[in-house]
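The shown structure was predicted, so the numbers you read here are calculated from the model rather than taken from an experiment. A note on names: the letters A, B, ... follow the listed sequences, proteins ahead of strands, and every chain is numbered from 1.
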Number of protein chains: 2
Amino acid sequence: MSLKDVAERAGVSIKTVSNVVNNYPHITPTTRAKVQRAIDDLGYRPNLTARHLRKGRTGILALAVPELGNPYFAELAGDVIDAAAEHDYTVLLDHTQGRRERELLVTQGFRARVIDGLILNPLELEPEDLAVRTDDAPLVLIGERRYDLPYDHIAIDNIAAARAAVRHLLDLGRRRIAFLGARGDRPSQPAHLRLLGWQAELAASGVPADESLVAPVEGWDRADGAAAMAALLDAGARPDAVFAYNDLIAIGAMRAMSERGLRVPEDIAVVGFDDLTEGRYGAVTLTTVSPDKRAIARLAVESLVSAIAGGRRDEERTPRELQPGFALVERESTLGA
Amino acid sequence: MSLKDVAERAGVSIKTVSNVVNNYPHITPTTRAKVQRAIDDLGYRPNLTARHLRKGRTGILALAVPELGNPYFAELAGDVIDAAAEHDYTVLLDHTQGRRERELLVTQGFRARVIDGLILNPLELEPEDLAVRTDDAPLVLIGERRYDLPYDHIAIDNIAAARAAVRHLLDLGRRRIAFLGARGDRPSQPAHLRLLGWQAELAASGVPADESLVAPVEGWDRADGAAAMAALLDAGARPDAVFAYNDLIAIGAMRAMSERGLRVPEDIAVVGFDDLTEGRYGAVTLTTVSPDKRAIARLAVESLVSAIAGGRRDEERTPRELQPGFALVERESTLGA
DNA sequence: TTGAAAGCGCTAACAG
DNA sequence: CTGTTAGCGCTTTCAA
């Protein structure tokens, strides 16, 4: 069933039907009614694929995040879907599992021209991977990592956010503040900025940064946090506070502490990062850095939509560094019940 | 850039290029090399939209879940994406917020013909909404609700699963077992089967089903669980166990208990449903019914893919009721540390 | 083994 | 205000 069928049934031309379907204004009410009638009778629905082929746009954006099992990305994805809907775009979701080859595949546009643009949160992708990108769909980057490439990048000020977290712990009188979430193998990678913030705030307060309090993690989930905390404690470290790369790691760490009979915050105060809903419902609610996810989603979508509409090629654009706000949310894991 | 450009550059016809791109076997190596060279030089990528228009299929499935913020659906979505990828399909994700009109919109195919099929987890949709469905993309239903309509339905045996949970509590000697997650306004709705299971298992054991231990919820998140538990306790109920509709409600309920100084499981044992990773990292780990999410995802995708391939119209199909397995995972919230 | 040509369903000129 | 026509880029008969 196509425009043609409707046209035949209504006794008009294809163009007229198209006009009705697209709400083209100058149509006599009689014609419109006649056509509408045929549309209803036949149950006609326009074929968007054909429309897209013709217009060169599909109305689909892709969002690629490392892992939907991480509530931060799930919540963000929901916000992106909502923001995209406001611009009449729908969202195709990918998860890369934080693996470089998957991230690479996504940026190289393996959906060639079914998407109009891509929002990517890279974890392992290297600048050179992005530099040789050939796909011409607009790309917007989100997340902690910065690439000095001609793509808009949306992320909160991670260093400032980390400093605020550490500042809060220092203000509470804690001095032996551990950082959970370094990557031993590649020190410059994802958690870099938050680690820098930790160092900077300690330095600014004249508190020595004890490297034995920096714990590496294997991944970014609760199990990794629990393992890292256990390793830290087993190695004999005695922190009085923990700043975790994210809430999941913080939650895993708290579990490890409770298994060892350590109390939060009396023995060890904990601050996380992401403000997951999950952190508000533990036995001890979690103090955390709360990035403005809605703003991140909105800015990413707006950036992409304008790039698509503008039809500018990436190389011709001046990339923007957009920084939504964040807030430190103080809860029981630092303040007590 | 199109096949035409490549053809011109290679000095062959469009068809030949198409053959190369599609790995059509009977091509002389010389020709293939020549064409491949042109493809590489030009950086040609096939336009999937055009291919789809021609073939009548898009290679995109849609998955519509109530809420990505609920980790159960986020985890399930990840599994569906993986299962779809095995069949060379990609997934377009929607969230309906459990609102009937959004669910309706999705089933009526507002993405008309950009998707080849739809997997839907309805919450509020009524049978009559589905009965008048006109969109002809195959549909597969997942989740607790059953509709007697010609669509495959994939869900674990909710009554049996609920009974196993209640059985476990009874075996531990609990007798005043509350059910958290009824919907006061519409008793027949989503949580129906699990409530039935609660009733059935109590009846089978000769334990009276105390209706004052059935607590309604406003929604399905942690806050709803906390509110329901608080209301139950404030009303003077003194359960010695709680079976929650899902893990989020159970987690919220445990938070409400801990705020009142009640201990889990000493004072009240708790069983949830969904087996979220989150439940394994609280101060008290959560006993829960663990549905086989991977199997649900796999079956849903396979059902859809075969319906698409078969080209059968819904009315002609014999709907199947597929039941993946589940397991009761016993943890601290019923067994203690 | 390769080429020519038709057509998937739609929109956008351009006419009338 | 409405009709005709030419493609968007691809696959697919049908020939050569």
task: Report yes if some heavy atom in the side chain of A:Leu120 is under 4.5 Å from a heavy atom in the side chain of A:Ile142; otherwise report no.
output: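 They are not in side-chain contact.
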- request: Identify which nucleotide among C:dA6, C:dG9, C:dC10 has an atom closest to any side-chain atom of B:Leu53, counting heavy atoms from C-beta outward.
  value: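 So the side chain of B:Leu53 is nearest to C:dG9.
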Take atom [atom1] of [X] and atom [atom2] of [N], then tell me their distance rounded to the nearest Å.
X       : N      : atom1 : atom2 : result
A:Leu3  : C:dG7  : CG    : C1'   : 15 Å
B:Arg54 : D:dG7  : CZ    : P     : 19 Å
A:Lys55 : C:dA13 : NZ    : P     : 11 Å
B:Arg45 : D:dC10 : CZ    : P     : 12 Å
B:Lys4  : D:dA6  : NZ    : P     : 16 Å
B:Arg51 : C:dC8  : CZ    : C1'   : 15 Å
A:Asn23 : C:dT11 : CG    : C1'   : 15 Å
A:Arg57 : C:dT11 : CZ    : C1'   : 14 Å

- prompt: To the nearest 0.5 Å, what is the distance between CG (A:Leu118) and CD1 (A:Ile60)?
  reply: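 Going from CG on A:Leu118 over to CD1 on A:Ile60, the span is 13.0 Å.
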task: Kindly compute the distance separating CD1 (A:Ile154) from CD1 (A:Ile119), expressed to the nearest 0.5 Å.
output: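 The distance works out to 7.5 Å.
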- request: State whether B:Glu321 and B:Arg146 are salt-bridged, where the test is any N-O pair (Lys NZ or Arg NE/NH1/NH2 against Asp/Glu carboxylate O) under 4.0 Å.
  value: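 Yes, B:Glu321 and B:Arg146 are salt-bridged.
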Kindly list each side-chain donor-acceptor pair under 3.5 angstrom involving residues 71-87 of chain A, sequence neighbours excluded, with atom names and distances?
unit_1, atom_1, unit_2, atom_2, d
A:Glu75, OE1, A:Lys293, NZ, 3.3
A:Glu75, OE2, A:Thr277, OG1, 3.4
A:Asp82, OD1, B:His95, NE2, 3.0

Partner residues of A:Ile39 under the side-chain contact (heavy atoms from CB on, under 4.5 Å) criterion, sequence neighbours left out: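 Residues passing side-chain contact (heavy atoms from CB on, under 4.5 Å) with A:Ile39: A:Val6, A:Val20, A:Val21, A:Val35, A:Gln36, A:Tyr44.
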task: Please step through salt bridge (charged side-chain N to carboxylate O under 4.0 Å, His left out) for the pair B:Glu302 and B:Arg298, ending with a clear verdict.
output: CA-CA 6 Å; B:Glu302 282 172 2; B:Arg298 186 176 48 75; 3.7 Å; yes
message: Rounding to 10°, can you tell me the angle the first-five-pair axis of the helix from C:dT1-D:dA16 to C:dG16-D:dC1 makes with its last-five-pair axis?
response: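 Rounded to the nearest 10 degrees, the bend comes out at 40°.
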Could you run down the sub-3.5 Å N/O contacts of the protein with nucleotides 1-4 of chain D?
unit_1, atom_1, unit_2, atom_2, d
D:dC1, OP2, A:His26, ND1, 3.3
D:dT2, OP1, A:Thr28, OG1, 2.8
D:dT2, OP1, A:Thr31, OG1, 2.3
D:dT2, OP2, A:Thr28, N, 3.2
D:dG3, OP2, A:Ser13, N, 3.0
D:dG3, OP2, A:Ser13, OG, 3.0
D:dG3, OP2, A:Thr16, OG1, 2.2

field: Sequence neighbours excluded - salt bridge (Lys or Arg N to Asp or Glu O under 4.0 Å) pairs with any residue from residues 48-65 of chain A
entry: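 For residues 48-65 of chain A: none.
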message: Considering only residues two or more places apart or on different chains, which pairs with a residue in residues 22-35 of chain B satisfy salt bridge (Lys or Arg N to Asp or Glu O under 4.0 Å)?
response: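 Sorted pair list comes back empty.
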